[in-house]
Amino acid sequence: MNVRTRFAPSPTGYLHIGGARTALFSWLYARKMGGTFILRIEDTDRERSTQASVDAILEGMAWLDLGHDEGPFYQTQRFDRYAEVIEQLVESGHAYRCYCSKEELEQMREEQMARKENPRYNGLWRDRQDETPPAGIAPVIRFRNPQTGVVEINDLVRGKITISNAELDDLIIARSDGTPTYNLTVVVDDIDMQVTHVIRGDDHISNTPRQINIMQALGFEPPKFAHLPMILGSDGQRLSKRHGAVSVMQYRDEGFTPQALLNYLVRLGWSNGDQEIFSREEMIELFSLEAINRAPSAFNADKLLWLNQHYIKTLPVEELEAQLQWHLQAQQLDVSNGPALADVIDAQRERAKTLVEMVAISRYFYEEFAEFDPVAVQKQFKADTADNLQTVHDELAALSAWQGEPIHAAIQAACEKLGLKLGKVGPPLRVAVTGSASSPSLEITLELIGQARALARIQRAIGFIRATQF
RNA sequence: GACCCUAUCGUCUAGAGGCCUAGGACACGACCCUUUCACGGUUGUAACUGGGGUUCGAAUCCCCAUAGGGUCGCCA
């Protein structure tokens with residue numbers, strides 16, 4: 001059997017973390033099984049669906065590189081098909097017209113609540129097809145749900161779930177304007193698209209028995225279901241805007257690599273023993289629905305950060321270089337006038353947790369810094385620092401080959417002349433050429449900055465120290 | 001409230017009845033490395049929700065309680 005999975009977001013907002021993980025798991029399973037991954041846009045709610053949201057979702061999927069094999073299909077383009085199925089259900093007696101108005105239904109619900117009953121449609125029109133319908137009211141169409149028996153879901157992650165049909169009321173499958181609703185479109189699409197595995201958030205569990213009933217009324221075997229536990233915010237509450245970055249693209253903006261996000265997401269609710277790091281290929285190879293956890297998990301920003309750092313440390317330079325372009329643009333850093341970006345990445349990759357940070361700590365390679373970091377100045381610049389720097393400056397100025405080795409030797413030579421240890425000479429020199437207290441090792445830093453620039457900065461520091469009079 | 005689901009360190013998790021003195025990872029602390037910041041290495045603190053069963057033996061199986069989550073729309 002050819003496995004076919006689908007990701008079916010509704011375009012009412014951006015692609016968020018939970019949606020991204022659902023997409024990832026669906027995608028992984030399809031890839032793992034050599035199957036097909038379908039993208040379907042569930043835009044039947046004309047009020048709330050927007051093209052901007054569709055674009056945002058597509059952009060998020062593209063950034064994560066979760067490519068689909070079929071689609072994107074838009075439900076709004078399949079209304080004829082849904083109408084056909086709805087008609088078929090009415091004809092076969094599996095559905096009926098209901099003339100209750102929204103107000104009546106609202107009242108019904110309130111009365112039921114007042115009587116401490118469960119709010120549900122009371123089946124008023126279920127057996128009243130013969131009566132002449134009230135004039136001037138556009139009916140909705142309801143599915144005639146079985147009233148007895150149970151629906152069993154053999155969920156691939158949770159095992160057997162049993163729901164009694166007595167708990168289910170007759171849901172609306174077509175609105176009074178004739179447009180289909182969610183539970184109908186999902187069923188029709190999953191049938192038409194021959195979806196074999198429905199992998200989705202467990203907030204859909206309660207819809208599942210209804211969909212199975214509709215599917216069976218249509219004469220089809222339901223697909224297999226795998227309901228994923230929710231992702232909670234760091235406080236254990238439902239994920240929402242107040243937890244900070246919820247949109248996938250916001251993680252890009254904040255300097256995360258898609259590799260880190262994907263790796264983080266795959267470990268949220270799924271595991272393969274003690275393994276923490278998964279390449280795309282490993283995920284595909286090792287993934288299984290059986291290993292998915294049943295309990296919801298809380299989002300932990302620290303761990304994501306750690307993973308991001310891991311990928312910044314280990315990803316091929318070319319990959320990071322490509323990802324960095326967007327951030328250079330966003331932070332307006334022109335790297336055309338300075339060392340090769342690849343060299344800077346290699347020098348900095350162990351001290352940046354995000355790409356945003358990477359850009360921020362690499363500015364001094366490409367442009368002059370406005371001021372010396374005051375804290376570093378206070379710690380490193382003393383009365384005799386100017387003279388020491390002058391000695392270092394002269395040694396460096398004499399260099400004809402501006403490379404790590406000779407630079408290191410020159411600094412050593414200066415230390416010997418001064419009778420000082422590197423620990424005394426190095427730190428002030430670093431502040432002088434970078435403006436800050438931290439940077440890669442001095443010889444690499446100096447090499448990348450370049451001789452002319454480095455010497456000028458040392459002079460500037462000497463001037464600054466003399467003028468300040470420590 | 002009804003129905004459904006879930007329950008191991010602060011967090012993500014390993015654990016399929018004896019391998020558990022409960023392992024790993026993040027975070028946090030200490031130490032080592034070190035020209036800074038980092039990286040890295042070593043190490044420490046820290047958990048089976050509670051109660052009943054079943055069994056020679058239970059984190060693991062069953063029941064109850066408790067807690068958390070989801071759903072109860074002419075939203076998806």
Side-chain angles (χ1 to χ4, degrees), chain A residues 8-12 42-45 47-49 75 98 100-102 105-106 109 113 116-121 138-142 153 155 158-159 161-164 166-169 171-183 185-186 200-209 227 229-230 232 234 236-238 264 267-277 293-307 309 313 348-353 361 376 379-380 408 411 415 421-431 434 436-443 445:
Chain A
S10 64
T12 54
E42 310 217 323
D43 54 354
T44 51
D45 185 346
E47 307 268 297
R48 299 195 300 164
S49 299
Q75 293 190 320
C98 165
C100 292
S101 67
K102 284 186 190 180
L105 292 171
E106 187 49 43
R109 263 192 287 272
M113 301 276 257
K116 303 213 173 202
E117 289 170 16
N118 294 332
R120 63 208 301 272
Y121 177 63
V140 297
I141 295 174
R142 288 183 184 270
I153 311 169
D155 195 281
R158 277 153 214 277
I161 301 171
T162 308
I163 291 103
S164 167
E167 300 292 332
L168 274 24
D169 61 0
L171 73 156
I172 292 172
I173 55 175
R175 304 182 180 93
S176 45
D177 65 0
T179 58
T181 61
Y182 170 72
N183 281 296
T185 58
V186 168
R200 58 181 10 170
D202 70 5
D203 47 333
H204 284 288
I205 286 184
S206 56
N207 286 320
T208 309
H227 286 101
M230 303 274 297
L232 275 20
S234 44
Q237 294 299 114
R238 192 178 183 146
Y264 180 73
R267 282 286 287 108
L268 218 48
W270 176 82
S271 60
N272 178 61
D274 286 339
Q275 188 171 351
E276 296 288 350
I277 305 295
N293 249 306
R294 286 181 290 273
S297 37
F299 192 88
N300 181 206
D302 278 333
K303 189 151 186 183
L304 207 212
L305 219 41
W306 172 75
L307 276 165
Q309 186 173 33
K313 277 185 313 203
Q348 298 276 230
R349 67 199 316 179
E350 286 186 348
R351 54 210 105 221
K353 282 185 155 68
I361 62 173
K379 195 165 177 198
Q380 302 299 348
H408 184 73
I411 296 172
C415 285
K421 286 190 172 180
L422 186 54
K424 279 279 175 229
V425 179
L429 175 58
R430 172 171 286 106
V431 179
T434 69
S436 85
S438 60
S439 86
S441 75
L442 272 173
E443 55 266 32
T445 304

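Per chain, numbering begins at 1; letters A, B, ... match sequence-line order.
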Detail all sub-3.5 Å separations between protein N/O atoms and N/O atoms belonging to nucleotides 48-51 of chain B.
none

Can you list the residues that meet the salt bridge (charged side-chain N to carboxylate O under 4.0 Å, His left out) rule with A:E42, with sequence neighbours excluded? A:R40
Any N or O donor-acceptor pair linking the side chain of A:R120 to the base of B:rC72 at under 3.5 Å? no
Record whether the side chain of A:S439 comes under 3.5 Å of the base of B:rC37 through a donor-acceptor pair of N or O atoms. no
Check side-chain hydrogen bond (donor to acceptor under 3.5 Å, both in side chains) between A:R142 and all other residues, then give those that pass, not counting sequence neighbours. none
Are any protein N/O atoms closer than 3.5 Å to N/O atoms in nucleotides 65-69 of chain B? If there are, list each pair with its distance.
residue: B:rG69; atom: OP1; partner: A:Q237; partner atom: OE1; Å: 3.3
residue: B:rG69; atom: OP1; partner: A:Q237; partner atom: NE2; Å: 3.4

Every protein N/O lying under 3.5 Å from an N/O of nucleotides 19-29 of chain B:
residue: B:rG23; atom: N2; partner: A:D274; partner atom: OD1; Å: 2.6
residue: B:rG24; atom: N2; partner: A:E276; partner atom: OE2; Å: 2.9
residue: B:rA25; atom: O4'; partner: A:E276; partner atom: OE2; Å: 3.3
residue: B:rC26; atom: OP1; partner: A:W306; partner atom: NE1; Å: 3.4
residue: B:rC26; atom: O2'; partner: A:K303; partner atom: N; Å: 3.2

Have a look at A:R158 and say if it touches a base, only the backbone sugar-phosphate, or nothing, with a 4.0 Å heavy-atom cut-off. sugar-phosphate
Does a donor on one side chain sit under 3.5 Å from an acceptor on the other, for A:S439 and A:T445? yes
If the cut-off is 4.0 Å, is [X] near the phosphate of [N], judged by side-chain N/O to OP1 or OP2?
X      : N      : result
A:K313 : B:rG40 : yes
A:R294 : B:rU6  : yes
A:S271 : B:rA14 : yes

Apply ring pair (Phe, Tyr, Trp, His ring centres under 6.0 Å) to A:H204 and list each qualifying residue two or more places apart in sequence or on a separate chain. A:Y182
